[in-house]
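This report refers to the structure that appears directly beneath it.
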Protein chains: 2
Amino acid sequence: MSSLSDLIEQYLREQLARAESIEIQRRQLARMFRCVPSQINYVLETRFNIHRGYLVYSRRGGGGFIRITRINWEPHPDLPRRLEEVIGSECSQEEMDGLLYRLVEAEVLTENEAALVETVVQQELTGLSGKEADTLRARLLRVALLLLCQEDYPG
Amino acid sequence: MSSLSDLIEQYLREQLARAESIEIQRRQLARMFRCVPSQINYVLETRFNIHRGYLVYSRRGGGGFIRITRINWEPHPDLPRRLEEVIGSECSQEEMDGLLYRLVEAEVLTENEAALVETVVQQELTGLSGKEADTLRARLLRVALLLLCQEDYPG
DNA sequence: CATTTTTTGACCTTTTCTGACCTTACTTTA
DNA sequence: TAAAGTAAGGTCAGAAAAGGTCAAAAAATG
């Protein structure tokens, strides 16, 4: 249990223990650990992804950098997966209404929030109908619920 | 975050924090930062464009100058409508990032909310690219912001 | 031994920086 | 007062400086 990736992870965690956000240079860090630059990407993908509560932002070009931020909201464990299951790739208006109704009953959303979602989503769908609308509705609804539910459970 | 362009950006932002509009001389600013004059244009194009909420006007010849004006979009009243205008029917990731950045600056969103939107929207876009992604991104982003902004200003 | 995780390297994309050359506006002078 | 000179800023293409991707090889794991 101490591959190079583990060492790099450990190093970054130490930095992140002191600051909520750190900036690194891929090349420099790679030189520091005597590895190839893409190894850094591997560590970031496997250890500092969103599931583990980190956000990575990077910029290329001269003065480029990689910023790792510890995030303040617990990614709600398997909400994304469940929403994926429940909503799927298409969602009719009736299905959406049903789901929203159930979420209000379960007190996951307030009535106001449900109404807001309904309004905003339907507004974005104006002019569309049939399968096209159902596909888009599924995506919009998923994003909407992820936002509202995550907001409810701040770290 | 410390390329020459970043430094010049920072300097100009400081000026613009005190006045809504500033006038500079390209040559002089270039001398000040020990760079070639066209570097200034680069900074203006990438950091002070309309997407980031700035207007640039310039005049050549003797006594020439460059004027940068901050667009003051007032946060509260009809933000939703403004957002729809700004987002339009397509939105690249860079445009989205720029907009989120500005909303954080304007204290319409917190950094966490911005990160949340970024994450959730990008997640829904996995597998898509090009125009298709840009179209969908515009829609998802609009819904996301409408939800969060309404939540912030209920009623 | 099969599978998963790690490591590496070749090739790609984005962002920044520079310099040669162009255009516009004001100033001077024949 | 028209032409020439001077003093700005603009454009664009290419070099340089980052970071990204992906697949194959190597190592670890069970």
Side-chain angles (χ1 to χ4, degrees), chain A residues 1-12 21-52 54-69, chain B residues 1-13 21-52 54-69 92-98 101 118 122 125-131 133-134:
Chain A
M1 172 49 175
S2 67
S3 64
L4 180 52
S5 290
D6 290 328
L7 293 180
I8 298 175
E9 174 188 5
Q10 197 180 317
Y11 172 78
L12 291 175
S21 180
I22 63 175
E23 277 179 16
I24 61 171
Q25 297 223 250
R26 193 179 76 150
R27 281 164 166 278
Q28 184 222 304
L29 193 60
R31 252 201 317 278
M32 183 170 157
F33 282 96
R34 286 180 180 65
C35 65
V36 110
S38 55
Q39 173 99 38
I40 306 303
N41 295 81
Y42 177 70
V43 174
L44 293 178
E45 280 159 25
T46 56
R47 272 67 164 183
F48 294 90
N49 53 34
I50 191 67
H51 280 108
R52 305 215 177 184
Y54 296 93
L55 207 67
V56 172
Y57 172 81
S58 69
R59 212 162 74 194
R60 305 184 180 189
F65 61 87
I66 299 178
R67 178 167 46 225
I68 312 173
T69 308
Chain B
M1 170 58 169
S2 69
S3 63
L4 180 53
S5 292
D6 289 328
L7 294 180
I8 298 175
E9 174 188 5
Q10 199 179 317
Y11 172 77
L12 292 176
R13 267 186 203 288
S21 181
I22 62 175
E23 277 180 15
I24 61 171
Q25 297 222 254
R26 193 179 76 150
R27 281 165 164 278
Q28 184 224 306
L29 194 59
R31 252 202 318 279
M32 183 170 158
F33 282 96
R34 288 182 178 69
C35 65
V36 109
S38 56
Q39 172 96 38
I40 306 301
N41 296 82
Y42 176 71
V43 174
L44 293 178
E45 280 159 25
T46 56
R47 323 294 221 258
F48 294 91
N49 53 33
I50 189 72
H51 272 110
R52 299 216 179 183
Y54 296 92
L55 281 179
V56 173
Y57 171 81
S58 68
R59 211 157 78 199
R60 305 183 179 188
F65 62 89
I66 298 178
R67 178 166 46 225
I68 311 174
T69 307
S92 69
Q93 178 165 5
E94 293 75 40
E95 287 170 336
M96 176 171 82
D97 288 348
Y101 179 79
E118 165 93 28
Q122 284 304 102
L125 287 173
T126 46
L128 300 182
S129 67
K131 187 167 177 155
D134 288 355

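Each chain gets a letter, A, B and so on, in the order the sequences are listed, and its residues count up from 1.
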Evaluate the side-chain proximity of [Y] to [X]: yes if any heavy-atom separation is below 4.5 Å, no if none is.
X: Q93(B); Y: E118(B); answer: yes
X: F48(A); Y: E9(A); answer: yes
X: S5(A); Y: T46(A); answer: no

- Is Y42(B) near enough to dC17(C) that one of its side-chain N or O atoms lies under 4.0 angstrom from OP1 or OP2?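 It does not, given that no N or O in the side chain of Y42(B) lies less than 4.0 Å from OP1 or OP2 of dC17(C).
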- Could you tell me whether the phosphate oxygens of dT8(C), OP1 or OP2, come under 4.0 Å of any side-chain nitrogen or oxygen in Q39(A)?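 Checking Q39(A) against dT8(C): at least one side-chain N or O falls below 4.0 Å of OP1 or OP2.
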Over how many whole Å does the gap from [X] atom [atom1] to [N] atom [atom2] extend?
X: F33(A); N: dT6(C); atom1: CZ; atom2: P; value: 15 Å
X: I8(B); N: dT15(C); atom1: CD1; atom2: P; value: 18 Å
X: L4(B); N: dA16(D); atom1: CG; atom2: P; value: 18 Å

- Message: Heavy atoms only, 4.0 Å cut-off, all strands: where does R34(B) land among base, sugar-phosphate and nothing?
- Response: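 The residue R34(B) makes no contact with any strand.
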- Message: Using a 4.0 Å heavy-atom cut-off, does I40(B) contact any base of the nucleic acid, only the sugar-phosphate backbone, or nothing at all?
- Response: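 I40(B): no heavy atom of the nucleic acid under 4.0 Å.
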- Quick one: what's the B/S/- string for nucleotides 19-25 of chain D, heavy-atom cutoff under 4.0 Å, read 5' to 3'? BBBB---
- Task: Please figure out whether G62(B) or V43(B) has its closest DNA chain C nucleotide nearer the 5' end.
- Result: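 Looking at the nearest nucleotide for each, V43(B) comes out on the 5' side.
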Any chance you could measure [X], atom [atom1], to [Y], atom [atom2], to the nearest 0.5 Å?
X: L12(A); Y: I68(A); atom1: CG; atom2: CD1; value: 4.5 Å
X: S58(B); Y: I40(B); atom1: OG; atom2: CD1; value: 13.0 Å
X: Y11(B); Y: M32(B); atom1: OH; atom2: CE; value: 4.0 Å

